[in-house]
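Encoded as structure tokens, the structure appears first; notes follow it.
As the structure is a prediction and not an experimental result, all values here were calculated from the model. Starting from 1, each residue takes its place in the sequence as its number.
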Amino acid sequence: MASLARALERMATLVNRERGSRPPKWDVGTAEVRALLECLGEPQRAFRAVHIAGSKGKGSVSARVALGLRASGVRVGLYTSPHVHALAERVWVDGAPLPDAALAAALHRTLDARDALADGAAADGGWRPGARASWFDVLTAAAFRAFADARVEWAVVECGLGGLRDSTNVFDGACTAEAGSGGGGGGAAGGGSRVVVLTNVHLEHSAQLGGTREAIAAEKAAIVTRGASFVCGIPLPRARAGDGADGAGDSCGVESGRVGESGRVEPDGATPPADRAGEEAARVARERGAARIVSVEPTDEPSAYGASVAHANAALAALALREAARFEPRVAAALARDARRVLDADGEALRALLPSRDERLICAVERGGGAARRGAAAAAARAEPADASHGTPGEVRLLVDGAHVPASVDLLVRAALGAAAGAAPPDARAPAVGVDGADDPLRARAGQSLGVGRIAAVVVGVAEDKDAAGIMRALAPLRALAPAPGAAPAPTLRGVPSGGAAAGGAAAGGAAAGGGGAAAAAAAAAAAAAGEQLGAARLAAAQPPVVLIATGLEGGGAFVPPRALARIAREHGWGEASVGVAEPRAAVLRAIEAAAACTPPGAVLVTGSLKLGAAARDAVHEWEAGCAGGPPSYGHRLDADSKAR
């Protein structure tokens with residue numbers, strides 16, 4: 001049997017638009033992937049689908065919907081992107097990654113189909129659909145073939161980019177799964193895509209999708225198929241009196257609300273502000289034959305902990321499951337029997353589905369020497385329970401967050417600032433885990449995870465098509481959370497001066513050398529205190545308290561060059577505290593070194609892209625191995641959440 005490694009070698013020759021710069025003219029479509037699917041026996045018609053598009057939160061909503069379907073007794077597949085550590089992260093069946101052997105078989109079968117189409121095109125002396133299928137076309141077709149082979153009944157499918165022209169937009173044919181199969185009873189009416197979700201719309205990928213939110217919304221909403229339910233994450237005005245919520249086409253009205261404890265939609269009484277992007281999405285959904293349009297209820301501005309964003313994503317998943325219940329009796333029965341069990345996604349399961357979201361790594365630190373003492377420090381750190389707010393005295397805590405739009409980064413920063421200011425803990429109703437770098441409980445715990453007033457360094461990498469300036473503006477308030485100056489000198493990073501503790505120690509040493517007895521000791525103490533005060537003042541006035549390390553991204557894809565990113569940071573509040581380190585692993589190592597040099601050790605935030613997750617893990621493993629270039633007496637451990645992965 002051909003291996004997964006060999007399949008990846010074959011795929012490496014294909015056009016991969018996830019790597020490199022995306023062309024401004026987004027001249028793509030679904031003809032190539034449809035030709036592959038035809039060769040594979042139209043596997044996308046073998047299951048019903050929940051199809052999810054949006055600017056952020058897609059991974060969160062997808063994972064929650066998949067878990068809710070599974071909790072209802074449905075055999076479910078999940079297709080998401082991108083992956084962080086391994087390709088299998090994108091393709092799940094019933095709560096587990098597709099085994100390598102099954103993924104390899106599906107990929108080779110799809111690649112063979114592509115090769116046959118290419119050979120036919122060459123023989124004809126022309127072009128044939130499927131012969132130029134891209135990397136993502138092949139992976140998508142293979143995933144759907146694997147789902148059909150695994151006999152999944154529903155698949156939750158996350159769009160790659162946009163919607164209308166995305167490779168996943170192929171659910172417009174009749175579903176061939178037999179009516180009543182597995183208790184489903186969905187029948188063939190309405191096509192394979194039964195529920196379509198639009199999480200939100202931000203002004204990104206504008207060169208490819210359109211220069212306005214309205215244009216982007218229209219592109220994303222174009223995955224709606226006739227007879228499907230459209231769940232909109234942008235609050236919409238409710239149906240006018242006389243409009244039917246179960247109509248189709250232009251007569252389709254809008255139902256707005258949330259799913260309550262009973263599992264039923266509870267209409268809200270608020271009138272949302274007009275949002276032209278949402279209205280455009282609803283217009284497109286009607287034109288494409290949506291049977292129902294349901295939107296979330298209006299929410300307030302996100303709190304300091306981002307609880308309302310968490311609720312928005314959970315509410316979207318709940319509404320999607322409620323709509324799925326219209327096609328799937330088992331979901332309807334499960335919601336009626338125990339709605340909370342269906343709607344409340346388990347935190348550990350969410351973390352497993354979405355790696356490098358809310359990932360916390362811990363480096364144990366001991367000052368002074370030798371490999372044996374390093375091991376003892378690591379063992380001691382494992383045994384000592386960590387306080388959620390402050391960590392332990394010998395730990396450098398890393399929080400890896402995939403936030404990649406300014407709004408998400410802003411929530412993270414506000415969470416940290418809220419914790420530092422002693423704000424109340426997040427709403428207990430908020431979901432227990434942050435996902436997709438786009439929502440929420442991650443930010444709800446950010447101040448706690450990083451420690452109050454102890455952030456030492458931020459590592460940031462930003463994709464070329466993201467709002468780098470907006471992300472840097474959102475991060476700038478973190479400079480207020482300074483690590484407390486201590487006995488150990490703070491590191492010098494490209495012109496960022498050391499802290500004042502060393503100056504205080506030098507002053508104390510000088511006083512002690514110049515006198516004797518109690519008077520000399522008193523003078524030394526006074527000098528030391530004055531030195532510490534001077535050092536603290538210098539830290540506050542002469543240097544930013546937190547270092548920002550701009551870096552690149554691994555795993556393909558164009559990114560803002562680190563030096564340019566550092567320059568953007570300097571222009572948006574970071575001053576001389578921003579530096580550029582080209583290689584992500586090295587950047588995280590620099591940040592760990594900066595945090596370890598503080599007393600007590602500071603914390604590190606790694607953010608801006610999901611692609612930094614692998615670099616963060618590599619860095620802490622290298623630190624453990626003693627290859628960081630710092631003192632040899634450092635240990636490393638992963639906390640329980642990270643070990644679970």
Check: Would you find more than 12 non-hydrogen atoms of other residues, nucleotides or ligands less than 6.0 Å from E38 atom CD?
Finding: no
Next item on the list: Please assess D172 against R288 for the test salt bridge (Lys or Arg N to Asp or Glu O under 4.0 Å), listing each intermediate value before the final yes or no.
Entry: CA-CA 11 Å; D172 51 2; R288 296 183 68 85; over 6 Å; no
Next item on the list: With sequence neighbours left out, write down each residue that passes side chain to side chain contact (heavy atoms under 4.5 Å, CB included) with A564, or none if nothing qualifies.
Entry: V560, P561, R567
Next item on the list: State the NZ-SG distance between K220 and C232, to the nearest 0.5 angstrom.
Entry: 12.5 Å
Notebook entry, point to check: Roughly how far apart are S134 OG and L36 CG, rounded to 0.5 Å?
Noted result: 9.0 Å
Margin query: Tell me if a side-chain donor or acceptor on T212 pairs with a main-chain N or O of A215 at a distance below 3.5 Å.
Written below: yes
Check: Between M472 and P406, is any pair of side-chain heavy atoms under 4.5 Å apart?
Finding: no
Next item on the list: Rounded to the nearest 0.5 Å, what's the gap from CG on D137 to CZ on R34? Could you check?
Entry: 11.5 Å
Check: Looking at residues at least two apart in the chain, or sitting in another chain, which of them share a side-chain hydrogen bond (donor to acceptor under 3.5 Å, both in side chains) with S72?
Finding: none
Notebook entry, point to check: Got a sec, which residues hit side chain to side chain contact (heavy atoms under 4.5 Å, CB included) with A49, two or more places apart in sequence or on another chain?
Noted result: F171
Notebook entry, point to check: Does a salt bridge link E219 with R165, judged by any charged N lying under 4.0 Å from a carboxylate O?
Noted result: yes
Next item on the list: Just jot down the side-chain hydrogen bond (donor to acceptor under 3.5 Å, both in side chains) partners of D344, sequence neighbours excluded, or say none.
Entry: R340
Next item on the list: Please identify each residue that fulfils side chain to side chain contact (heavy atoms under 4.5 Å, CB included) with R128, with sequence neighbours left out.
Entry: L117, A121, D124
Notebook entry, point to check: Out of curiosity, T551 OG1 to L553 CG, how far, rounded to the nearest 0.5 Å?
Noted result: 7.5 Å
Checklist line | Check ion pair R10-D115 (N to O, under 4.0 angstrom) | finding: yes
Next item on the list: Output yes when E328 and R194 qualify as a salt bridge under the 4.0 Å nitrogen-oxygen rule, no when they do not.
Entry: no
Next item on the list: Could you list the residues that satisfy side chain to side chain contact (heavy atoms under 4.5 Å, CB included) with D94, not counting sequence neighbours?
Entry: R70, R75, V76
